[in-house]
Number of protein chains: 2
Amino acid sequence: MRRLSRELGRSAMAPYWYVNDKRELLDLVTRKLLSEVKLPEPDSGPWEDRLREVVTGIDARLHDHPGIAAVMLERMQNTDRRLMNGIMEILLDAGFEGADVFLSYAMIHTYLFGRYQVVGVDTPDPAKGLPGDLEDTLQRLIPHLTKLRGRDFFNYGVDTIIAGLQAQLAAKKRPRRRR
Amino acid sequence: MRRLSRELGRSAMAPYWYVNDKRELLDLVTRKLLSEVKLPEPDSGPWEDRLREVVTGIDARLHDHPGIAAVMLERMQNTDRRLMNGIMEILLDAGFEGADVFLSYAMIHTYLFGRYQVVGVDTPDPAKGLPGDLEDTLQRLIPHLTKLRGRDFFNYGVDTIIAGLQAQLAAKKRPRRRR
DNA sequence: ACCTGAACACCGTTCAAGT
DNA sequence: ACCTGAACACCGTTCAAGT
């Protein structure tokens with residue numbers, strides 16, 4: 001709040017005329033950001049593609065303003081109602097019902113916004129003692145890590161979630177195991 | 001730091017004799033917590049069950065100390081090497097190779113620790129204006145939400161991730177689409 | 001209507017000093 | 001070896017007041 005005021009050339013208390021507290025300001029920021037994300041038309045394709053489209057749209061906004069993802073992660077309901085409804089409608093179209101819609105939404109939400117909180121694995125400094133036991137799997141795999149970009153993590157995560165949701169739907173239709 | 005010192009009956013600067021800064025202290029706390037999580041024996045069952053076991057073990061520790069999850073979410077490498085290696089070995093056993101091990105691990109990590117940052121959807125106050133448009137899907141589904149517990153979200157999330165990972169493996173074995 | 005100033009109760013951390 | 005005290009540069013926020 002103080003830094004904001006400073007950058008705007010106002011006193012520390014100026015923002016408090018517009019807003020009750022910091023949380024309220026951040027809520028307005030998240031809403032503004034998410035309002036620019038488009039929802040695909042309900043008949044524009046299979047649910048998997050539509051889900052991927054919204055989620056990619058959200059991710060693009062977060063890419064420009066990664067700091068705000070923490071706020072969105074924290075409070076689910078703070079997410080734009082329009083987007084939350086849009087995603088839930090896609091999930092209903094997919095065949096989810098009742099509580100499963102929430103469970104699926106929560107999973108997507110957690111991954112989508114949680115992603116931005118994670119900072120990558122640094123390659124461990126080999127000069128810094130205990131450079132690697134023989135059984136250090138991480139050590140062995142490090143070369144592969146350096147090739148990966150943020151986009152790869154995102155695509156893989158979304159692919160895996162969609163595939164997982166498809167499996168949940170399939171399990172519901174022909175339940176081999178008991179609930 | 002100040003509150004810690006206060007609770008220990010020491011001056012504000014006392015912790016700084018043991019630790020360089022706050023981050024370092026929190027790293028020690030996470031390591032201590034995760035060191036108590038058991039890794040299943042490599043031949044104790046199918047990879048899905050072993051993965052579920054570790055992840056459930058981690059979640060149990062987080063349940064007792066939810067605040068620390070934010071620290072673990074943030075810095076992947078700060079996660080106990082033992083656990084990270086353990087999970088990656090399970091993924092190797094499952095059939096993942098190279099970069100896919102990292103991509104899969106990152107997904108699990110993000111979900112597992114991100115979960116604790118999310119606070120639930122409050123049921124919206126109907127007295128507080130705009131109680132619900134007709135097309136408010138969220139509103140319609142609220143009754144189902146109230147039945148859900150934290151454990152339900154966790155189980156559903158883990159099930160979905162495991163099913164998703166299985167699908168990724170299957171897609172790798174018989175690649176119908178191109179990479 | 002829009003903003004300021006002083007004050008309060010906090011933070012993490014540096015640095016020199018004490019026993 | 002282990003800790004203290006004073007100080008610095010920050011926070012978010014309350015409250016009364018100014019134009």
Subject >> Greater than 12 external heavy atoms within 6.0 Å of B:E7's CD >> reply: yes
Original post:
Side chains of B:Q166 and B:E48: donor-acceptor distance under 3.5 Å anywhere?
Top reply: yes
Original post:
Which residue, A:M1 or B:G9, contacts DNA chain D at a nucleotide closer to its 5' end, judged by nearest heavy atom?
Top reply: B:G9
Original post:
Taking atom C1' of D:dT13 as reference, at what distance in whole Å does atom CZ of A:R23 sit?
Top reply: 15 Å
Original post:
Given the P atoms of D:dC2 and C:dC15, what is the spacing between them in whole Å?
Top reply: 22 Å
Subject >> 5'-most by nearest nucleotide on DNA chain C - A:A14 or A:R2 >> reply: A:A14
Subject >> Interatomic distance at P, D:dA9 relative to C:dA9, whole Å >> reply: 22 Å
**OP:** Specify the separation, in whole Å, of atom CZ of A:R6 and atom P of D:dA9.
**Re:** 13 Å
Original post:
Quick one: A:D21 CG to D:dC11 P, roughly how many Å, whole number?
Top reply: 17 Å
Original post:
D:dC8 pairs with which nucleotide, Watson-Crick or G-U wobble, both distances below 3.5 Å?
Top reply: C:dG12
**OP:** Rounded off to whole Å, could you give me the CE-to-C1' distance for the B:M13 and C:dT13 pair?
**Re:** 6 Å
Original post:
Atom CD of B:E24 and atom C1' of C:dT13: how far apart are they, to the nearest Å?
Top reply: 14 Å
Original post:
When the distance from CH2 of B:W17 to C1' of D:dC3 is rounded to whole Å, what number comes out?
Top reply: 10 Å
Original post:
Run the side chain to side chain contact (heavy atoms under 4.5 Å, CB included) check on B:R23 and B:R75 step by step: do they pass?
Top reply: CA-CA 11 Å; B:R23 197 189 54 75; B:R75 295 190 300 291; 3.6 Å; yes
**OP:** Can you tell me the pairing partner of C:dG18 across any strand shown, Watson-Crick or G-U wobble, with both distances under 3.5 angstrom?
**Re:** D:dC2
Subject >> Nucleotide C:dG12, atom C1' - distance to NZ of B:K22 in whole Å >> reply: 8 Å
Subject >> Nearest-nucleotide 5' precedence on DNA chain D, A:N20 against A:R3 >> reply: A:R3
Original post:
Between B:D21 and B:Y16, do the side chains contain an N or O donor and an N or O acceptor separated by less than 3.5 Å?
Top reply: no
**OP:** Please check the phosphate of D:dC15 (OP1 and OP2 only) for any side-chain N or O of A:Y16 closer than 4.0 Å.
**Re:** no
Subject >> A:F154 versus A:Y111, closest heavy-atom pair with distance >> reply: CA-OH, 4.1 Å
Original post:
CZ of A:R10 versus C1' of C:dC3: gap in Å, rounded?
Top reply: 8 Å
